[in-house]
Structure formats: structure tokens, C-alpha cells
Amino acid sequence: MKSNVTSKNFYKGDPKKVAKNLLGKSLIRKLRDDTLEGIIVETEAYYGLEDPASRAYKGLKKYNKMMWSEPGRIFIYNVHNNWMLNIVAHDLGKIGAVLIRAIEPTRGIETMRMNRPVSKIRDLTNGPGKLTKALRINKKLHGKKVTSKQSEIFVTENNLNFKISSSNRIGVTKDLDKHLRFFIKDNYYLSR
DNA sequence: AGGAAGATCTACT
DNA sequence: GTAGATCTTCCTA
């Protein structure tokens with residue numbers, strides 16, 4: 001199995017394209033004495049000033065300025081007491097990010113369950129706020145790169161076969177008229 | 001000080 | 001499946 005870490009180049013380009021390409025990749029969270037890992041099964045693309053659902057819609061602010069920064073960095077914000085995990089992705093000079101909405105846990109499941117006690121394994125990481133809690137992700141990771149194995153959090157390649165489906169984004173009050181949510185068809189750990 | 005937020009949980013039909 | 005209450009963080013006034 002391939003396990004090369006994703007390159008910065010991987011995150012350069014249209015957020016929509018990057019969102020699709022992130023499916024099936026592994027998200028790895030290094031803790032002090034534990035490694036948590038899962039396969040990305042659901043993502044959403046967000047743009048800049050032209051996207052009313054985007055954190056960048058209202059222009060440059062302190063909390064959203066990461067969306068203007070270097071592709072491959074982590075962009076984290078809080079909503080309703082949940083941390084949202086995004087990876088900055090855009091063409092040079094543009095604005096954008098990909099939200100990780102769900103993962104399929106593959107390693108460190110016992111620790112995840114301690115971080116986020118649930119009765120059903122399915123509920124462990126099948127939502128953006130759920131997976132951040134299970135992986136102990138919070139604002140401290142804001143701005144970190146996912147393109148280095150030295151990082152506390154990074155993304156690696158995989159050789160997996162699957163079908164991609166798409167839909168409108170979830171929970172967004174003003175969505176754009178296109179499909180910007182992508183997910184692995186029929187995966188058990190989708191958020192819905 | 002006030003309010004909004006890309007969600008989650010619970011309690012139902 | 002859907003509806004309503006509720007959580008905290010961080011912005012904006």
C-alpha cells in the first residue's frame with residue numbers, strides 16, 4: 001500500500017477538484033504516544049467572496065485569513081461548539097478550502113472512543129464536529145501543514161477503489177447552485 | 001454585551 | 001426521517 005504524504009502541489013487548484021481527490025486518502029493524527037488514523041470519505045469545497053456559505057464570503061477577517069494562505073495548511077474554526085477541520089486549497093492568488101466532513105476510522109479506535117464515547121462505531125466520526133473530537137483536533141492545529149510526516153496531522157495517499165458521488169452541501173443556508181459535496185458511494189461512515 | 005454559526009443530541013412522528 | 005433546544009467560540013457593535 002502506498003503511503004506517501006500528500007504534497008503542497010496536491011492542494012493547489014480548484015477546491016472542488018481537491019475535495020474530490022481527497023476522498024480515499026488517509027488522515028493521520030499523531031498524538032504523544034498514539035496514532036489515530038482514518039480514511040476520508042466525505043468532503044465539501046468552499047470558495048471565497050463569490051460563495052455565500054464560505055467563511056471568506058465577507059472578506060478578509062482575523063479568523064478566516066488562513067483561507068488566503070498557502071495551500072496544504074489547516075484552517076480551523078468553531079461552530080456551535082464544534083471544531084471544523086478544513087485544508088486550504090486554491091489556485092495561486094485565489095481563496096478556498098476543503099472541509100473534511102467524515103472519515104472511516106482505521107487505527108487508534110480505542111483512543112477515539114475515549115475522546116468521544118459512543119455506543120455505535122458508526123457515530124464515532126461521521127460528521128465534521130464528531131471527527132475533530134474523536135481525533136482531538138482543535139484550534140491549536142490552526143495553520144499546521146498536512147504535507148509533512150513530521151506534522152501532528154497530515155494526509156497520505158492510498159490505493160483504493162471506490163465510486164464518487166456528489167450532492168449539494170449540507171447545513172448551508174445559502175448554497176451555490178452546484179454540487180460541492182463529495183463522498184464515497186455507499187460508505188458506512190457518511191454523515192447522512 | 002449581543003448574536004450568529006458549514007452541528008449535534010434528543011425526542012418524537 | 002424531521003424539529004427544536006442547546007452547546008461555546010469569536011466576531012461585531
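Note: hydrogens, waters and symmetry copies are ignored here, and every other heavy atom, side chains too, is used. First the proteins, then the strands, lettered A, B, ... as listed; each starts at 1.
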Please report, rounded to the nearest Å, how far the [atom2] atom of [N] is from the [atom1] atom of [X].
| X | N | atom1 | atom2 | result |
| --- | --- | --- | --- | --- |
| A/Leu85 | B/dA7 | CG | P | 14 Å |
| A/Tyr77 | B/dA7 | OH | C1' | 10 Å |
| A/Arg122 | B/dT8 | CZ | P | 14 Å |
| A/Ile76 | B/dA5 | CD1 | C1' | 16 Å |
| A/Leu99 | B/dA5 | CG | P | 16 Å |
| A/Glu44 | B/dA5 | CD | P | 16 Å |
| A/Asn86 | B/dA7 | CG | P | 11 Å |
| A/His80 | B/dT10 | NE2 | P | 17 Å |

Nearest to the [X] side chain among [options], which nucleotide is it?
| X | options | result |
| --- | --- | --- |
| A/Arg116 | B/dA7, B/dC9, C/dC7 | B/dC9 |
| A/Trp83 | C/dC10, B/dT8, C/dC7 | C/dC10 |
| A/Tyr63 | C/dC11, C/dC7, B/dA7 | C/dC11 |
| A/Lys62 | C/dT8, C/dC11, B/dA5 | C/dC11 |
| A/Lys130 | C/dC11, C/dT9, B/dC9 | B/dC9 |
| A/Asn82 | C/dT12, B/dA7, C/dT8 | B/dA7 |
| A/Lys61 | C/dT12, C/dT8, B/dA7 | C/dT12 |

Should the heavy atoms of other residues, nucleotides or ligands under 6.0 Å from NZ of A/Lys145 be counted, would the total exceed 12? no
Quick check on A/Tyr57: does its OH atom have over 12 non-hydrogen neighbours (other residues, nucleotides or ligands) under 6.0 Å away? no
Any donor-acceptor pair under 3.5 Å from A/Lys133 side chain to A/Gly129 backbone: no
Could you let me know what C/dC7 is paired to, Watson-Crick or G-U wobble, both distances under 3.5 Å, or none if it's on its own? none
Would you sort out whether A/Asp123 and A/Arg113 count as a salt bridge (charged side-chain N to carboxylate O under 4.0 Å, His left out), showing the intermediate values? CA-CA 10 Å; A/Asp123 295 326; A/Arg113 287 193 106 123; over 6 Å; no
Please walk me through it: do A/Asn126 and A/Lys130 pass side-chain hydrogen bond (donor to acceptor under 3.5 Å, both in side chains)? CA-CA 7 Å; A/Asn126 66 341; A/Lys130 299 179 186 176; 3.0 Å; yes
